[in-house]
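No experiment lies behind these values; they were computed from the predicted model shown. Residues take their numbers from the sequence shown, with the count starting at 1.
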Amino acid sequence: MSHCHNSLSHMDIPEGARKIVLVGNPNVGKSVFFNALTGMYVDVSNFPGTTVDISHGRYKQDVVIDTPGVYGISSFNDEEIVARDVILSADLILNVVDAVHLERDLFLTLQVIDTGIPTIVAINMMDEAAAQGIKVDLDLLEHLLGVPVISTVAVKGKGLDEVKNRLFEARTGLIEPELKSKLQGMLNRIGSWGEALLVLEGDPHVAERHGIPAGDMREEIYHARRYRVNDIVNYVVKETQEGTTFGTKLGRYMLRPWTGIPIFALVLYAMYYLIGVIVAQDIVGFTEETVMQGMYEPAVRDLIGRFVSEESVLGIILIGEFGVLTMTVTYILGLLLPLVVGFYFALSIMEDSGYLPRLATLVDRAMISIGLNGRAIIPLILGFGCVTMATITTRILGTKRERTIATAVLGLAIPCSAQLGVIAGMLAGIGGKYIAIYVGVILLVLGITGKILNKVLPGQSSDLLIDLPPIRLPRGENVLKKTVTKSYAFLLEASPLFMLGALIISVLQVTGLLEAIQAALAPVTEGMLKLPRETATAFIMGLIRRDFGAAGLSDMDLTAAQTLVSLVTITLFVPCVATVIVMFKERGSKEGGLIWLSSWVFAFIIGAIVAAFVM
């Protein structure tokens, strides 16, 4: 048994033994290869300076070392630092790749090959690829990479003997001539091909080790590598219908524009029918009107009225028109909660079925046109649940430019689940023409905002890297768990803010300031937007939470055209308090303030244009 002490250099490695290092993305099956090579001769130890465990063992006279699953060799986190240091010390590398996700995994493969270390590649999970109608030309892949490539199904033991027999055929692969030239130019300063690569890619730790400044070619090298991966995949991967399941075929149809867009339209209609018709009209009609307004509110007014006069200041605050115990509870439990549950139920079905990543892939080109890379679909989709959480999630985007665009689009044009539920319910009652205008206006504003920021901000979008899980029937237990968890989180977050909003509105009403604000805003509400003066109250509510404002609109007596104008305005209106706080924290006061101010101006200008058009 081998023993690892304080560093890799102190590992008990017999003289003349080679270090065989296993490398791969997370969940590609490396552990099966490791166990097949090492058998019982395994040791697990802590890598010095980290909390990362390293498994190592013996294969014949050599040492096999497993690395953490990573997507690249760099120093973004402990796992990557450990993987980097172990890989750079390797005598040969066994790179395990998932056959279903070649486009993702080959990026790491090419980076490993670029280190100049002898490599052999095992294309694992070939059975899953075949079940999904994916055929990989292994001979051509071997030719294009310049290293041995072996087909395996590790969990069934297929191909493992061939890996063992050919392990020491590992050789240095093909490196792009331009990169090769740059690396050769650095060898006299660094002496190690792999470390020269990482210095060029800007790794500060490796550069510091050699006492030279880190390079600034990471983006250039990564783009060239990504382009080469795409090119290789185009040549070696073929999709067939042979032996494929219905789910696989459906998954492919979802990715192709001619079939994917109609499927997306059907999904949107199903969501609209569920939330806008079944929940907003039938269920909310019962929970809000019958239960809350018909039973709960009279009971609360009767109870509180015994101790406090409804006409008194405290009575108005507790059980008045905007009462903390009446309107607030009715809005939260009777109106918004059923809509939020309906939305999260639909979203959970889309997540669990594997549809969401395919939707991201389908709309990728459109996203690039507004300056966002593929990953941005994640915060945008999350935004339909909660814009506050989605704003935090923009951290996953690679550049400040992309984070700024995503934050602006989220704050301006993405309604959160509760607001979307109210909007869907109100739209359901005003007819198809107005629904089409509403959707068209919001998409147009989203597109124009993205286009302007894409032009103004320097830089460019990066490529989409996303896993496509198999299409499957959603599991009821998963869907239910996600729906309940997210709906409960909504209640916890929204209730205090709603009560604060109701308290502020009631205080404004008691002091007479509400009428004064309504009068002050009349040139905007009555003049520009052609709405009743009272809609100013809904906008004040919207400052606390946008869905609170939308809920306020739902209680007003508006014409179909006025409903459209009010919904467009409240959708584009300023984000809720929680989102604004997060936005200022994430983007800074200057940038956050500019986005916040812009949403005020945009909301009223676009609302006025729509009003002029439909009234």
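Annotation: side chain of Ile405 is in contact with side chain of Arg401 (closest heavy-atom distance under 4.5 Å). By the 4.5 Å heavy-atom criterion applied to side chains, Leu333 and Leu491 are counted as neighbours. Two residues are said to be in side-chain contact when any heavy atoms from C-beta on lie closer than 4.5 Å; Val614 and Leu564 meet this criterion. Within the 4.5 Å cutoff, the side chain of Asp352 has heavy atoms near those of the Arg475 side chain. In this structure, Gln293 and Glu288 have side chains that are in contact, with non-hydrogen atoms separated by less than 4.5 Å. Taking 4.5 Å as the limit, some side-chain heavy atom of Val329 sits within range of a side-chain heavy atom of Tyr296. Residues Met556 and Gln562 are not in side-chain contact: their nearest non-hydrogen atoms beyond the backbone lie 4.5 Å or more apart. Looking only at side-chain heavy atoms (C-beta outward), Thr485 and Tyr488 stay at 4.5 Å or farther from each other.
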Side chain to side chain contact (heavy atoms under 4.5 Å, CB included) between Thr330 and Thr326, intermediate numbers included:
CA-CA 6 Å; Thr330 296; Thr326 49; 5.5 Å; no
Evaluate Tyr438 against Ile435 for side chain to side chain contact (heavy atoms under 4.5 Å, CB included), listing each step before the verdict.
CA-CA 5 Å; Tyr438 172 82; Ile435 293 173; 5.7 Å; no
For Val100 and Gln132, what are the C-alpha separation, side-chain angles and deciding distance, and is it a side chain to side chain contact (heavy atoms under 4.5 Å, CB included)?
CA-CA 8 Å; Val100 178; Gln132 294 185 37; 3.7 Å; yes
Any chance you could lay out the side chain to side chain contact (heavy atoms under 4.5 Å, CB included) test for Leu567 and Tyr434, step after step, and finish with the verdict?
CA-CA 11 Å; Leu567 289 180; Tyr434 288 128; over 6 Å; no
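Panel note: side chain Thr511, backbone Leu508; a donor-acceptor pair is recorded below 3.5 Å. Using modelled atom types, no side-chain atom of Ser487 and backbone atom of Val484 make a donor-acceptor pair closer than 3.5 Å. Panel note: side chain Ser506, backbone Leu503; no donor-acceptor pair is recorded below 3.5 Å. Between the side chain of Asp98 and the main chain of Val28, no donor-acceptor pair closer than 3.5 Å is present. The main-chain N or O of Gly323 is found under 3.5 Å from a side-chain atom of Thr328 such that the two form a donor-acceptor pair.
Atom CG of Leu362 sits about 10.5 Å away from atom CE of Met254, to the nearest 0.5 Å. Within the model, atoms CG of Leu572 and OG1 of Thr449 stand 8.5 Å from one another, a figure rounded to the nearest 0.5 Å. Taken from CZ in Arg358 to OH in Tyr253, the straight-line distance is 13.5 Å, to the nearest 0.5 Å. Residue Asp302 holds its CG atom at 10.5 Å from CD of Glu310, rounded to the nearest 0.5 Å. Distance CG/Leu558 to CD/Glu534: 9.5 Å, rounded to 0.5 Å. For the atom pair Ile283 CD1 and Leu274 CG, the distance stands at 7.5 Å (nearest 0.5 Å).
Across all non-hydrogen atoms, the minimal contact from Arg301 to Gly320 is NH2-O, 3.9 Å. In this structure, Thr483 and Phe345 approach most closely via the heavy-atom pair OG1-CA, 3.4 Å. Contact record, Leu529 with Ala611: O-CB, 3.6 Å, taken as the closest heavy-atom pair. The shortest non-hydrogen separation linking Pro262 to Pro257 is CD-O, 3.9 Å.
By the neighbour-count criterion of 12 heavy atoms within 6.0 Å, atom CG of Asp282 is densely surrounded, having more than that number from other residues, nucleotides or ligands. Heavy atoms of other residues, nucleotides or ligands lying less than 6.0 angstrom from CG of Leu473 number 12 at most. Counting heavy-atom neighbours within 6.0 Å of Asp557 CG, excluding the residue itself, gives a total of 12 or less. Around the CD atom of Glu515, the shell of radius 6.0 Å holds no more than 12 heavy atoms that belong to other residues, nucleotides or ligands.
Ring geometry, Phe604 versus Phe539: the interplanar angle exceeds 60°, so the pair is classed perpendicular (tilted spans 30 to 60°).
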